[in-house]
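Since the structure is predicted, the reported quantities are computational estimates derived from the model, not experimental observations.
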Amino acid sequence: MLCAQTDEVGLVIMDIDSNGFLSFAPVGGIDARSAVGRVVSVNGVKGVIGLKPVHLLGDDEKIKLHRLRNFFIDIGTTDKDDALKYVLPGDYAYFTGDYREFGDGFIKAIALDDRIGCMLMINLIKSELEYDTYFCFNVQEEVGLRGSACTSFDVQCDIALVLEATTANDLCNVKGGERVCVLGDGPVISFMDGRTVYDKGLYSLVRSVADKNNIKSQTKTATAGGNGAGAVQTSGKGCKVIAVSLPCRYIHSPSSVVKKSDIAQTEKLLAVLLPKLADYDKDDTKNY
């Protein structure tokens with residue numbers, strides 16, 4: 001079974017005040033610093049995430065400035081009744097943004113976690129595969145891996161491969177393992193993260209396949225984050241899991257960044273890996 005998530009982090013409208021401003025709560029992990037001044041869409045209506053001007057803040061307020069509960073969404077309405085024509089409490093808002101290529105093969109877009117994984121699966125569905133394969137586009141990953149648990153009960157697979165984007169911290173003045181993973185160094189093959197201890201034999205297999213086919217790959221040097229593998233591994237009868245992820249800067253922000261060469265290396269890896277997974281024997285990884 002191959003899995004990717006179709007949901008993204010976003011916002012849910014909680015209330016509307018007398019002036020027509022929308023209060024909200026986050027759905028999934030959102031860094032408040034990335035939300036200020038961003039454009040969002042609510043039922044097709046565009047709005048801007050705002051907060052009290054910094055010029056009017058007292059010293060104690062400045063300390064608490066970047067907290068999502070202090071933000072609001074301005075959709076340009078005059079009062080509550082006007083806003084209620086377009087939005088109701090319980091409606092969802094999501095970040096908007098354009099797709100842009102820049103620099104040496106970089107891509108900027110919203111929700112690359114996990115549009116990348118979905119794209120990889122769609123391309124595989126269109127290809128000629130040697131073995132029958134289940135493709136599961138799961139929901140509600142960002143709020144507790146819920147969809148993954150449901151599909152694993154339904155499919156009852158023996159091996160699950162999760163295709164994801166994962167946190168890259170390869171930024172200025174960050175060195176060594178603190179970078180976690182690096183754009184341009186190929187797909188990330190994890191042995192452990194914040195939710196899952198991956199099957200050791202599968203991990204060794206994927207690394208071996210990459211090395212023997214001259215495909216760039218890397219490991220994740222932090223146990224932060226998680227993905228649907230955590231639910232798949234422990235649902236139903238349980239199964240062996242492995243994750244192949246693309247390194248992604250500014251993940252969960254409105255401007256995620258990945259590199260095209262990493263996409264190409266991941267597609268190359270998947271093409272040679274899938275037949276090996278069908279024949280996988282944990283006691284015979286040396287043959288791969």
Side-chain angles (χ1 to χ4, degrees), residues 1-5 113-114 116-118 120-121 124 131 133-136 138 141-142 144-153 155-169 177 179-182 185-213 215-248 251 262 265-288:
M1 177 173 74
L2 272 66
C3 301
Q5 67 179 86
D113 175 25
D114 188 27
I116 287 293
C118 293
L120 292 169
M121 291 217 307
L124 286 169
Y131 298 96
T133 305
Y134 287 90
F135 292 89
C136 296
N138 293 317
E141 192 265 5
E142 298 293 359
L145 318 183
R146 297 172 184 174
S148 300
C150 295
T151 53
S152 61
F153 269 101
V155 175
Q156 295 286 311
C157 63
D158 297 309
I159 294 175
L161 169 61
V162 176
L163 299 175
E164 263 279 6
T166 196
T167 307
N169 192 35
R179 298 192 299 171
V180 184
C181 57
V182 178
D185 281 2
V188 180
I189 305 164
S190 298
F191 50 82
M192 181 177 175
D193 58 34
R195 182 62 187 264
T196 308
V197 178
Y198 294 94
D199 182 81
K200 187 173 182 179
L202 281 176
Y203 171 77
S204 298
L205 167 63
V206 181
R207 291 305 303 269
S208 175
V209 168
D211 291 344
K212 291 182 178 180
N213 289 276
I215 299 169
K216 295 180 70 173
S217 69
Q218 56 186 312
T219 58
K220 189 174 177 179
T221 56
T223 56
N227 56 58
V232 174
Q233 186 181 54
T234 57
S235 298
K237 63 182 178 62
C239 75
K240 301 177 179 66
V241 294
I242 191 66
V244 174
S245 309
L246 253 77
C248 179
I251 201 167
D262 291 330
Q265 291 291 297
T266 303
E267 291 181 321
K268 184 178 178 182
L269 174 61
L270 293 174
V272 293
L273 174 63
L274 291 185
K276 304 293 186 184
L277 290 180
D279 297 327
Y280 171 68
D281 183 335
K282 65 182 177 61
D283 296 321
D284 197 24
T285 57
K286 62 181 181 295
N287 289 335
Y288 296 110

**Prompt:** Can you tell me how far the CE atom of Met121 sits from the CG atom of Leu270, to the nearest 0.5 Å?
**Reply:** 11.0 Å
**Donor-acceptor contact below 3.5 Å, side chain Ser208 vs main chain Ser204** = no
**Student check: side-chain heavy atoms of Thr266 and Leu120 closer than 4.5 Å** = yes
**Request:** Compute whether any side-chain donor of one residue and acceptor of the other, for Asn138 and Thr151, lie under 3.5 angstrom apart.
**Result:** yes
**Asked** Given the rule in the side chain to side chain contact (heavy atoms under 4.5 Å, CB included) test, do Asn213 and Leu269 qualify, once you have shown the distances and angles that lead to the verdict?
**Response** CA-CA 8 Å; Asn213 289 276; Leu269 174 61; over 6 Å; no
**Asked** So, do Met1 and Thr133 sit near enough that their side-chain heavy atoms are less than 4.5 Å apart?
**Response** no
**Request:** Could you check if a side-chain atom of Phe135 sits within less than 4.5 angstrom of a side-chain atom of Leu124, using non-hydrogen atoms only?
**Result:** yes
**Asked** Counting N and O atoms only, with roles assigned by atom type, does the side chain of Gln218 sit under 3.5 Å from a partner on the main chain of Cys181, one being a donor and the other an acceptor?
**Response** no
**Listed partners of Gln156 passing side chain to side chain contact (heavy atoms under 4.5 Å, CB included), at least two apart** = Phe153, Lys237
**Message:** Nearest 0.5 angstrom please: Asn227 CG to Leu163 CG, how far?
**Reply:** 9.5 Å
**Prompt:** Could you state the interatomic distance from CG (Leu277) to CG (Leu161), rounded to the nearest 0.5 Å?
**Reply:** 6.5 Å
**Message:** Pair Val155, Val232 - check side chain to side chain contact (heavy atoms under 4.5 Å, CB included), show working.
**Reply:** CA-CA 10 Å; Val155 175; Val232 174; over 6 Å; no
**Message:** Is there a side-chain contact between Glu141 and Asp114 in this structure, where contact means two heavy atoms from C-beta onward sitting under 4.5 Å apart?
**Reply:** no
**Prompt:** Atom NZ of Lys240 and atom SG of Cys157: how far apart are they, to the nearest 0.5 Å?
**Reply:** 10.5 Å
**Fill in**
Scanning both residues in full, the closest heavy-atom pair of Pro187 with Gln265 reads CD-CB, 3.8 Å
**Item:** Residue pair Ile215 / Val272, side-chain heavy-atom distance below 4.5 Å
**Value:** yes
**Under 3.5 Å donor-acceptor, Thr234 side chain and Gly230 backbone** = yes
**Prompt:** What distance separates Ile242 CD1 from Ser190 OG, expressed to the nearest 0.5 Å?
**Reply:** 7.5 Å
**Asked** Any side-chain heavy atom of Thr219 sitting closer than 4.5 Å to one from Val188?
**Response** no
**Prompt:** Is the backbone N or O of Gly177 less than 3.5 Å from a side-chain atom of Thr221, with the two atoms forming a donor-acceptor pair by type?
**Reply:** yes
**Asked** Would a 4.5 Å heavy-atom cut-off, applied to side chains only, mark Asp199 and Leu205 as touching?
**Response** no
**Message:** Less than 4.5 Å apart, side chain to side chain, heavy atoms only: is that true for Thr166 and Asp113?
**Reply:** no
**Worked check of side chain to side chain contact (heavy atoms under 4.5 Å, CB included) between Ser217 and Arg207** = CA-CA 7 Å; Ser217 69; Arg207 291 305 303 269; 3.4 Å; yes
**Message:** Under a 3.5 Å distance rule, please check whether Glu164 uses its side chain to pair with a backbone N or O of Ser245 as donor and acceptor.
**Reply:** no
**Prompt:** Distance-only, no hydrogens or angles: does the Gln233 side chain make a donor-acceptor pair with backbone N or O of Val197 under 3.5 Å?
**Reply:** yes
**Prompt:** Ignoring hydrogens and geometry, is there a side-chain-to-backbone donor-acceptor pair from Ser152 to Ala149 under 3.5 Å?
**Reply:** yes
**Asked** Can you tell me how far the CG atom of Leu246 sits from the CD1 atom of Ile251, to the nearest 0.5 Å?
**Response** 10.0 Å
**Asked** Would you say the ring centroid of Tyr198 lies under 6.0 angstrom from that of Tyr203?
**Response** no
**Request:** Report yes or no: does Asp193 contribute a side-chain atom to a donor-acceptor pair with the main-chain N or O of Ala224 at less than 3.5 Å?
**Result:** no
